[in-house]
Amino acid sequence: MWYSKLSNNIVDLHPYNHSKLSQTLANTALGSKVKVNKLISSDISSKLLEMGLYQGQEVEVLFKAPFGDPIAVNINGYVLSLRLNEASLVEVI
Amino acid sequence: MKFQKIALIGNPNTGKTSIFNRLTGLNQHVGNFPGVTVDKKSGKLKLSETTVEIIDLPGTYSIYPRSKDEQVVLDVLKNKNHPDHPEALIVVVDASNLERNLLLFTQVYDLQIPVMLVLNMSDIAFKSGKQFDHQAFHERFPGVPVVETNARIGTGINRIIENIDLGFNAYNFEAIIADFDIFSSPNTENQTDETNKRYQFIKTLIPKIISQKENKKQFKVSWLDKILIHPFFGYLIFAGILMLLFQLIFSLASYPMDMIDGVFGTLSEYIQAKLPAGLFSDLLSQGIVPGLGGVIIFIPQIALLFLCLGILEETGYMSRVVFIMDRLMRPFGLNGKSVVPLLSSAACAIPGIMATRTISNWKERLITIMVAPLMSCSARIPVYTLLIALVIPSQKVLGFLNLQGLVLFSLYALGLISALLVSLVMKWLIKSNETSILMLELPEFKSPRWGNVFISLFEKVKVFIFDAGKVILAVSIILWALASFGPGDRIEKAVQKIEKPTKATDPQMEVYELQIKNAKLENSYMGILGKTIEPVIKPIGYDWKIGISLLTSFAAREVFVGSMATIYSVQDDGETNLGLMQKMRAEKWSDGKPVYSLATGLSLMVFYVYAMQCMATLAIVKRETKSWKWPVIQILYMGALAYIASFIVFKLFS
């Protein structure tokens with residue numbers, strides 16, 4: 001759809017974007033289940049951790065807001081919404 | 001050991017507030033934590049012998065602060081001399097999400113403050129044969145009482161009370177993180193290290209305390225979510241709900257508001273008739289009673305709006321609104337949580353500003369508060385209606401659009417666009433080192449807990465009456481004094497000059513009384529002030545009569561109409577204002593040109609879009625920011641905008 005294109009552009013432009021180097025929660029496809037590999041160090045790492053995104057945690061991308069940002073993920077049975085720039089700090093495998 | 005002060009702590013959305021409400025009922029009090037803007041909610045719990053103060057700490061995921069709200073939690077817990085330092089803590093956790101919720105528990109446990117664990121919603125989380133192994137938990141945490149509750153229906157609350165009554169304290173204390181030192185603020189790296197260790201502990205703990213192995217349930221996105229966040233239907237539904245909300249507020253609030261207006265009007269007349277004429281009677285009937293009425297009149301709107309917002313919040317819909325609006329608001333320095341407060345301000349800025357408390361980022365909350373009064377509220381409608389009827393001809397544009405309606409729409413649009421633009425400017429001006437984040441739980445859809453809705457509504461009304469009410473009353477009395485007194489015997493002389501009709505027939509007496517009212521206002525300090533500022537307001541097209549009305553309508557915007565009626569010695573009929581409009585149309589400048597030209601009319605409308613003509617809003621901004629700094633800045637910037645915009649409009653159209 002037209003808006004998913006727009007959101008891709010937003011991801012590409014984002015300074016936090018490490019998509020070329022590794023897969024993050026921000027560029028994980030809708031519906032796929034991944035595991036947290038590591039958190040890219042930033043001033044919100046501890047916050048991400050507190051929300052349950054520790055290494056080895058299983059995460060499933062549930063849905064995205066219009067314009068693709070923020071996204072909603074399933075962490076251990078609860079739904080967390082986070083912005084793309086926040087999600088791009090979570091490296092996944 | 002009998003506790004006197006206990007605090008509730010827990011993640012957001014765990015039902016902590018429900019438990020607080022169950023424990024304290026309406027016995028609640030909203031106060032301050034010293035030095036911060038966060039409200040302190042506390043209540044009294046009566047036990048068999050003693051009374052315990054229960055403090056409801058702001059919801060938090062960890063004791064490490066990320067925002068000013070969360071800073072309070074840390075301050076209260078680590079400083080033993082803090083006036084709100086609790087003797088014991090009740091950690092409320094959502095039993096269906098133990099892993100994340102227990103993180104906060106392990107931190108609190110390591111603080112070595114006596115602690116109780118409350119597993120809320122355990123009946124739902126532990127169904128299908130799963131059980132919480134109390135024995136195993138006590139082996140690891142001796143002396144920590146565990147209570148399973150369902151705060152929705154009230155089960156388990158008695159067990160919490162029993163435990164408080166008995167007192168509790170952990171023994172054989174064995175720290176989870178041995179060298180945990182909350183007193184030295186750890187850097188981010190140590191903090192993540194420590195949190196990781198805690199999660200490792202929790203992951204080994206959970207299989208021991210939950211008897212049945214948790215089978216990973218397949219998560220299904222609910223159909224409601226699919227619709228509510230849909231790029232087309234999501235916004236459509238949100239618009240529909242807003243429309244419904246405004247319909248409800250405008251159609252329902254007017255009845256009690258008219259009633260309050262009537263009651264206070266009658267009370268004023270009654271006092272004036274019964275008390276001996278004089279200063280005291282005037283102060284009471286024209287200063288204090290209308291001032292109180294000016295406070296009470298807002299209650300229907302505040303209550304109705306918070307009833308609606310409470311229901312939206314409780315059902316879980318509000319977080320979906322935040323989810324779909326966040327991306328759109330971010331460029332303006334706002335976030336998804338700003339949307340509802342801003343749109344509520346289109347009914348009335350007061351509940352809108354009070355609703356900004358959910359915005360945890362201080363800068364974003366402040367910007368939302370600062371721009372909220374730019375949204376055109378219901379009090380502007382009488383002013384707009386009068387002025388539009390006065391200077392805008394009723395004709396069709398493009399064959400089908402009504403010009404008057406179009407102007408009204410443009411005024412609303414101007415308010416909204418200005419609010420967004422000012423946000424953009426403030427985003428650059430206000431400095432903050434708090435990163436903007438939006439990590440937010442999207443809770444499951446539930447039916448609202450009415451107890452919570454009504455207690456929060458009650459609390460909001462109480463805060464408005466007692467905190468903002470004082471300021472509103474004080475300002476009303478000042479405004480009354482300015483409009484009732486004049487220098488020396490100026491007022492008496494002016495009144496004496498008016499010829500009293502010899503025949504006391506009704507129509508002439510009425511005219512006489514209106515003339516007296518006018519003479520009093522014109523010769524009061526307010527009237528003199530209005531005349532003094534004429535050179536300042538002439539460039540934007542206003543005469544001193546408008547000047548006086550601008551000053552008096554600082555009380556509330558709609559007062560403008562009543563003031564104009566007084567100045568032109570006509571009865572304020574509150575409806576069509578035909579008499580007033582006739583007089584206003586006839587008003588001429590000294591050179592014979594009409595005062596109420598298109599340019600002046602438009603200039604006045606634009607002035608009312610921007611100017612902060614509402615003492616109640618001022619009072620609530622002071623209450624919410626806990627300082628006079630922000631309301632003063634707000635009055636100044638809005639005043640400057642009003643003047644500049646009116647000047648431009650006046651020049652363009654004259």
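Remark: side-chain polar atoms of B:Lys16 are paired, donor with acceptor, to backbone N or O of B:Leu57 under 3.5 angstrom.
With a 4.5 Å cut-off on non-hydrogen atoms, B:Asp225 touches chain A through its side chain but not through its backbone. Contact of B:Leu328 with chain A is made through the side chain alone, with heavy-atom distances under 4.5 Å. The contact between B:Lys203 and chain A is made entirely by side chain atoms (from C-beta outward), counting heavy-atom distances below 4.5 Å. In this structure, the portion of B:Asn97 lying under 4.5 Å from any heavy atom of chain A is its side chain and not its backbone. Contact annotation for B:Arg330: only side-chain heavy atoms (C-beta onward) come within less than 4.5 Å of a heavy atom of chain A. Neither the backbone nor the side chain of A:Leu39 comes within less than 4.5 Å of any heavy atom of chain B. Residue B:Glu441 touches chain A through both its backbone and its side chain, counting heavy-atom pairs closer than 4.5 Å. In this structure, chain A has heavy atoms under 4.5 Å from both the backbone and the side chain of B:Phe323. Neither the backbone nor the side chain of B:Thr60 has a heavy atom closer than 4.5 Å to any heavy atom of chain A. Proximity to chain A is limited to the side chain of B:Tyr235, based on heavy atoms less than 4.5 angstrom apart.
Your options are B:Leu438, B:Thr192, B:Ile229, B:Leu442, and the one with the most heavy-atom pairs under 4.5 Å with chain A is B:Leu438. Ranked by heavy-atom pairs under 4.5 Å with chain A, the list B:Val322, B:Leu104, B:Thr195 is led by B:Thr195.
Figure legend: B:Arg100 and A:Tyr78 shown as a cation-pi pair, the cationic atom lying under 6.0 angstrom from the six-membered ring centre and within 45 degrees of its axis.
Between B:Phe238 and B:Phe233, the ring center distance fails the sub-6.0 Å criterion.
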Are B:Asp193 and B:Lys197 close enough, and set up right, to give a salt bridge (charged side-chain N to carboxylate O under 4.0 Å, His left out), and what steps lead you there? CA-CA 6 Å; B:Asp193 259 14; B:Lys197 279 185 198 151; 5.5 Å; no
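Of the candidates B:Asp110, B:Leu103, B:Leu77, B:Ile63 forms a side chain to side chain contact (heavy atoms under 4.5 Å, CB included) with just one, namely B:Leu77.
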